[in-house]
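Beneath this line is the structure, given in structure tokens, with notes to follow.
Whatever order the structure lists ligands and atoms in, that order sets their numbers, starting from 1.
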Amino acid sequence: MIYLDNAATTKPFESVVEKMNAFYKELYFNPSALYSPAFAVAKEKEKTRDYISSALGGGGKVYFTSCATESNTWALNNGIKNKNGNIVVSSGEHASVYENAQSLLSKGLEVRFVKLDSDGRVNIDDFVKKVDENTTLISVINCSNETGAVNDIKKLAQLAKNINRRALFHSDGVQALGKVPLNCKSAGIDMYSVSAHKICGPKGVGALWICDGLTLSPLLPGGGQESGLRSGTENVAAIIGFGEALKRFSDSDKSEILNMRETLKQRLLTLDCVEINESESQSPYILSFSAKNVKAEIMQRNLAEKGILIGLGSACSSRLKKNRVLTAMGRTMSHIEGSMRLSFSPQNHNDDMEKAAEIICNTITEYRKR
Ligand code: PLP
């Protein structure tokens, strides 16, 4: 089997599973307990927090959550402090931001959606038009989960802060963490959402980075964990796995990923019917393409039967007929129907890519001959 759906989730690194195991088998104590074996657990958890916070640039702290959907929900709901204000959100957001924005809209808040350029990045002119002195919150995805287009978060944050210093800037960094460098502090942003399972870590743990000096309303009141902001006994094993995954993923060879993407891209481009969805500023971990007169869902099934697992844009919305993000990029319905996503991790092997490319190209050709 060749797994090319790493933007949906990844296989955890062996060392992640090993480190987590110790926290299930021996170090299972509640980190809030006041006996010494529990202190060791709390210490490891805090070490991981410091490591992830400094990997994001320092100048802030991560608060652990159960997933990035939770982090995004927390961030977005801090935009409702001022009912007369407006919220600015890009049209390229993952469902976990987009649906929260829709829910704020249904509560009567003004939500402004920023247009995308045809390459999947935020349209800067429209962004500048949409932010004003009444904007309370801005949310722009760092790297698109659909196409891998990378937004210039530092530039957008600076433009926004020049218009309105008080507007909070949030970015969904799920597909960027460990892949596309961003220093949250020097970018001047306020909140950043991340998740472990996209970087060969465990499912069920995410975090929200919050810059120093910003006070958010608690997400879950209760026992007072996470400095009283997100109560609930911490998923320590997963938090430790998150830290280990980030270390290993950040150290992994990025040129291997670029090579794998390039091999597949060049082979796909030998077919006249293929168009690549990419941007000048592009994550090497995602290769989105569309094959004319092909139904991607059928292709996904056919390829799975041949041992190649691929994605169709967002895994969470793979069953939705209309792809919101590709539509915002101006793609036609027939282009969207034939859109597929290949995504990579350090656990893929360059040697497999020729074989994968051949099977994908042959399957597209066979389908078009029917
Ligand atoms: N944001 C982006 C860009 C994603 O790709 C995903 C997952 O697909 C999420 C948020 C949600 O992450 P989680 O599964 O941790 O809730």
Side-chain angles (χ1 to χ4, degrees), residues 3-12 16 52 56 62-77 89-103 116 120-122 139-151 153 170-180 182 184 189 191-209 219-220 230 232 235 238-239 241-242 245-246 249 277 279 281-283 285-288 309-320 323-326 328-329 339 341-345:
Y3 181 65
L4 294 174
D5 197 16
N6 289 283
T9 199
T10 50
K11 178 182 175 188
V16 165
I52 300 176
L56 291 173
V62 290
Y63 294 82
F64 292 111
T65 59
S66 68
C67 58
T69 299
E70 186 182 314
S71 310
N72 285 341
T73 301
W74 190 9
L76 267 274
N77 282 292
V89 171
S90 95
S91 300
E93 297 302 305
H94 181 265
S96 54
V97 167
Y98 182 80
E99 292 302 328
N100 270 297
Q102 289 294 340
S103 133
L116 296 185
R121 287 183 291 176
V122 162
S139 193
V140 177
I141 195 165
N142 193 168
C143 170
S144 166
N145 51 292
E146 308 270 353
T147 65
V150 177
N151 282 307
I153 295 300
H170 166 256
S171 178
D172 175 343
V174 170
Q175 298 290 347
L177 181 70
K179 303 172 183 174
V180 177
L182 181 81
C184 294
I189 63 172
M191 295 173 279
Y192 196 67
S193 300
V194 291
S195 186
H197 74 105
K198 310 290 185 178
I199 53 165
C200 304
K203 292 162 189 61
V205 64
L208 182 67
W209 177 90
L219 177 69
L220 298 178
R230 198 274 183 193
N235 186 353
I239 289 169
F242 192 173
L246 183 57
F249 206 101
N277 299 310
S279 151
S281 179
Q282 174 70 36
S283 163
Y285 291 83
I286 293 181
L287 174 60
S288 161
L309 302 183
I310 68 157
L312 302 174
S314 170
C316 321
S317 59
S318 55
R319 263 168 247 102
L320 296 183
N323 181 308
R324 177 173 46 78
V325 176
L326 291 173
M329 288 164 63
S339 285
R341 180 187 69 184
L342 310 178
S343 49
F344 312 98
S345 95

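Counting the atoms of ligand 1 from 1 in the order shown, those under 4.0 Å from a heavy atom of H197 are 13 (P), 14 (O), 15 (O). Proximity to S96 (heavy-atom distance under 4.0 Å) selects the following atoms of ligand 1: 10 (C).
Judged by distance alone, the side chains of S279 and Q282 never bring a donor and an acceptor atom under 3.5 Å apart.
With a 4.0 Å cut-off on non-hydrogen atoms, T69 touches ligand 1 through its backbone as well as its side chain. At a heavy-atom distance under 4.0 Å, atoms from both the backbone and the side chain of C67 approach ligand 1. Under 4.0 angstrom from ligand 1, the non-hydrogen atoms of I141 all belong to its side chain.
Looking at ligand 1, you'll find an N or O of A68 within less than 3.5 Å of one of its N or O atoms. Note: no N/O pair closer than 3.5 Å links N145 and ligand 1 by distance alone.
The shortest distance between side-chain heavy atoms of I286 and E146 does not fall below 4.5 Å.
Within the 4.0 Å heavy-atom shell around ligand 1 one does not find K203. Residue contacts with ligand 1: G206 is excluded, as none of its non-hydrogen atoms falls under 4.0 Å. Under the 4.0 angstrom criterion for non-hydrogen atoms, E70 is not in contact with ligand 1.
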TODO: List the steps and the verdict of side chain to side chain contact (heavy atoms under 4.5 Å, CB included) for V97 and V89.
DONE: CA-CA 8 Å; V97 167; V89 171; 4.0 Å; yes

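The closest donor-acceptor contact from the side chain of E70 to the backbone of G206 lies at 3.5 Å or more, if one exists at all.
Residues passing the ring-ring contact (aromatic ring centres under 6.0 Å, His included) test with F64: none are found, sequence neighbours excluded. Residues passing the side-chain contact (heavy atoms from CB on, under 4.5 Å) test with L309, sequence neighbours excluded: M1, Y3, A304.
Checking N142, N72, D172, T73 one by one against S193, the side chain to side chain donor-acceptor pair (under 3.5 Å) holds for a single residue, N72.
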